Amino acid sequence: MLTIKKVPTVVSNYQEESSENRFEGCGKNCLGKCCLPVALLPIYAFKKDGSNLNGNSVVKSSEEQPQICFLHNLLLGQWEDRMSCGLFRYDVTACDTKIIPGRYGFIAQLNEGRHLKKRPTEFRVDMVLQDFDETKFNFTKVGQEEVLFRFEQSNDQKSHFFPSAPPITADSKTSSVVAINVSPIEYGHVLLIPQVLNCLPQRIDHESFLLALHLAKEAADPFFRVGYNSLGAFATINHLHFQAYYLAAPFPVEKAPSKRIMTMKGLRDKGVTVSQLLNYPVRGLVFEGGNTMQDLSDSVASSCIFLQNNNIPFNVLIADCGRRIFLFPQCYAEKQALGEVSQELLDAQVNPAVWEISGHIVLKRRQDFEDASETYAWRLLAEVSLSKKRFQEVKADILEAAGFEEADIEENNRNHEGESIYEQPSPKAVAHLPQDCLVIH
Amino acid sequence: MESQLALIEQSLNSRYSLWVREALEELPHNFIITDPTISGHPIVFASPWFLKMSGFSRDQVIGNNGRMFQGPKTNRKTVMEIREAIREERAMQVNLLNYRKDGTPFWMLFQMSPVFSKEDGRVVHFVGVQVPISRNKRLTDDGADVTWNEIVFGSCRREVCSDTLAKLGRVLALDTDTNCRGVETEEPCEASDLEKQSAATAISNIFSVLTHYSESTGRLVCGKRCSLPAAGLINSSLNIPLGRIKQSFVLIDPQLPNLPIVYASDAFLKLTGYDRHEVLGRNWRFLSGVDTDPSVLHQVQESIRVEQACTVCILNYRKDESKFWNLLHLSPVRNATGKIAYFVGVQMEEKCERQDRHGLSPEIRQLGAVGAVKVAVRSSSIGASCSKS
């Protein structure tokens, strides 16, 4: 059994309490069976949407007024409200943050308040799938004041918000919630907890992943990103949750080039394309496209399920309002447990979870922050990555599991008349010349 | 208080003399001009050549954001790069897949350049030039560049003679065939040197026109930032994110002795009846009048001094001297270094409807505005320590 010792991040004000008084009337207004549960929380119901994430943007812009959209306003307003109630352990906006000069612009933050001066706990890092343990902290124990709203699909084509009494048909048993992270790493840092009362362990399933994608889409802001850490990849709580926050700057991983490697063929074509990251310290895959949101979601979820079933820890970043999804298998925790990480990197006590891998690095010590350089960030993240060889193996397996077939995209440099994975432009296209004038300079 | 449409009309008129439109329309280039100071960063001018190329009418374009020409296969990373360049107020050039009105995609070289005000260095417009790319940038196995540069079409395809129609058909088919599994239209297309030159010439010509016609109004523009943004006003790159916030709010600069207002939202102007130039630079207290309770003013002043948030109900006066009760929420806003850069004051008229159609309480809406301002200010200053230009 491989374990590492680390100080768990406190995400809820109730996380550290002892587990007594958990039964009849604990008096804490928690989300558990003992108190009035989720049913009375406000609900944000997002519209059912079968259409393509991208859609054709050739529409009147009155339909997509780029004003702050509704969920954005709700989430920010609620978050700010909790700030004024003093629910956060520190003011994250008082934390010094900067973009490290360099090609990619890694973002470094000096956050001395995030990590407790407490004894570290042991975390098992060699099991990505672990059963839910009721005795440990989970999200049914958070105080209701930490919950911002329920988040679920509406029954019609519209989004709705019910500030108090939800409709009778709402099933609170399967209700998902958005809660604050009391140790935020940026403004608006929240946790999405799918089906909170069902106490799902930290593992991806298709339905939950789609929910996370919906959150990214509804916020309609490319700077609001959603992330996931598997067990063994620095998730500290074994209760299914995603994280999200606002940072209005591009993440380094979003700037990295990528190379298309896969697409589906023929009848099973769901329009999802997979690329491999190039020139980035952590090897990873990028999923884009999809005829519908569900298609994209399912591809990624299937890939994650493969990884967790094969005990490979991983992180997922949902970016660009759900249009681009990054998947990173990783092995840092294992290396750490085996004593293979250099002391220098260990001393900085950075736990490379999804945000760090994406390029947003939280540092505890002022000296590390002052000295932060792109070289250092690169060196740290390179330790997280699977080796080239291992990644190739894993990549091939993931994609097979997710139903992709190898398609050699190198084709684009060869003659069209050779083996093509796409249909030839048909001669009849001549008749389909555009109405407009074509000007070729 | 002007409507959005009026603002768009004014965008060119207030800075350039009347004949600028005619001069711009005579230029043989595809381009649009956008105004980042108007909420939504809309297009305020589109050249006739551009309209022809894209298939849209002027009415369908003016007032909309440039993203209307993007579609399902537009590269998201490229879109992000454009967004970043706008935020950082710098020129850039990319190959981009756009869509015409009829839904057909086409590759073009997109070159964007900010227009700076000479007097205060702020960005007043962006110019975007589009040069369609001819389809053939793939290399053959031996590395030869298969170019079709010999084919030059300057006018409607109807005028093209029939024996070149087959060649044209092939070129255009590659452009418009959406049956292609997607690699063709998705693989990035590189513009040729000729196309890049064409874009550069266009930018140069457009800037000549704009510079010339700004001389007569005295509100000169130039292609490079000639002076530092005036002290006391906000970084103009904040215009776009702040412009998206619907609520009435102002930003106060606590570093300056008279605590002036350095930003006011459109909704604030609508609520109070003032024009923007009447508000900027004035002390935040200017809305108070004879019957305003001085102890409330003092309370706000104190909050600013001790760097705390506060909520008060204060009697304010509009420009027409009518009174209203203002539920004012004030909060410090920090920049990326953690230091307080501004105070944000969000106003709400007491008698307005308690809940908007979405069901959000007014208090949450106010706080939402505060949150949005905090995100914008924090993020916009995140690279400040590095870019000294």
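Source: prediction; values computed, not measured. Just so we're on the same page: letters track the sequence lines, and every chain starts at 1.
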Inset, instruction - Measure distances from T93(A) to the heavy atoms of chain B and classify the residue's part below 4.5 Å as side chain, backbone, both or neither. - result: both

Legend entry - Structural part of Q247(B) lying under 4.5 Å from a heavy atom of chain A: side chain

Legend entry - D320(A), part contacting chain B, at a heavy-atom distance under 4.5 Å: side chain

Legend entry - Residue pair P222(A) / R83(B), side-chain heavy-atom distance below 4.5 Å: yes

Inset, instruction - Using the test ring pair (Phe, Tyr, Trp, His ring centres under 6.0 Å), find all partners of F224(A) that sit at least two apart in sequence or belong to another chain. - result: Y246(A)

Inset, instruction - Answer yes or no: is there a side-chain heavy-atom contact under 4.5 Å between I382(B) and L247(A)? - result: yes

Inset, instruction - Supply the atom-to-atom distance S84(A) OG to E363(B) CD, rounded to the nearest 0.5 angstrom. - result: 11.5 Å

Inset, instruction - Work out which heavy atom in S379(B) is nearest to a heavy atom in A248(A); give both atom names and the distance. - result: OG-N, 3.0 Å

Inset, instruction - Please flag which part of N335(B) lies under 4.5 Å from any non-hydrogen atom of chain A: side chain, backbone, both or neither. - result: backbone

Inset, instruction - Output, in order, the C-alpha distance, side-chain angles, deciding distance and verdict of side chain to side chain contact (heavy atoms under 4.5 Å, CB included) for D91(A) and R334(B). - result: CA-CA 10 Å; D91(A) 180 358; R334(B) 297 172 188 275; 3.5 Å; yes

Legend entry - From CG (L367(B)) to CG (L74(A)), nearest 0.5 Å: 11.5 Å

Legend entry - Side chain, backbone, both or neither of A108(A) within contact of chain B (heavy atoms, under 4.5 Å): neither

Inset, instruction - Using the test ring pair (Phe, Tyr, Trp, His ring centres under 6.0 Å), find all partners of F369(A) that sit at least two apart in sequence or belong to another chain. - result: none

Legend entry - Under 4.5 Å from a heavy atom of chain A, the part of S331(B) involved: side chain

Inset, instruction - Counting only heavy atoms closer than 4.5 Å, note whether L75(A) contacts chain B via side chain, backbone, both or neither. - result: neither

Inset, instruction - Output the distance between atom OG1 (T74(B)) and atom CZ (R323(A)), rounded to the nearest 0.5 Å. - result: 10.0 Å

Inset, instruction - Working to the nearest 0.5 Å, report the span between CZ of R324(A) and NZ of K77(B). - result: 7.0 Å

Inset, instruction - Check whether any side-chain heavy atom of E254(A) lies under 4.5 Å from a side-chain heavy atom of R76(B), and answer yes or no. - result: no

Legend entry - Heavy-atom pairs under 4.5 Å with chain A, option from V79(B), V370(B), N98(B) with the top count: V370(B)

Inset, instruction - Test E80(A) against K374(B) for salt bridge (Lys or Arg N to Asp or Glu O under 4.0 Å), laying out the working first. - result: CA-CA 10 Å; E80(A) 179 66 23; K374(B) 287 187 174 181; 3.0 Å; yes

Legend entry - chain A contact via A369(B) - which portion, at a heavy-atom distance below 4.5 Å: backbone

Legend entry - R87(B) and P250(A), any side-chain heavy atoms less than 4.5 Å apart: yes

Inset, instruction - Return the option, out of E81(B), M80(B), Q197(B), R378(B), with the maximum number of heavy-atom pairs under 4.5 Å with chain A. - result: R378(B)

Inset, instruction - Could you pull out the closest heavy-atom pair between Q78(A) and I364(B), with the gap in Å? - result: OE1-CD1, 4.1 Å

Inset, instruction - Please flag which part of D221(A) lies under 4.5 Å from any non-hydrogen atom of chain B: side chain, backbone, both or neither. - result: neither

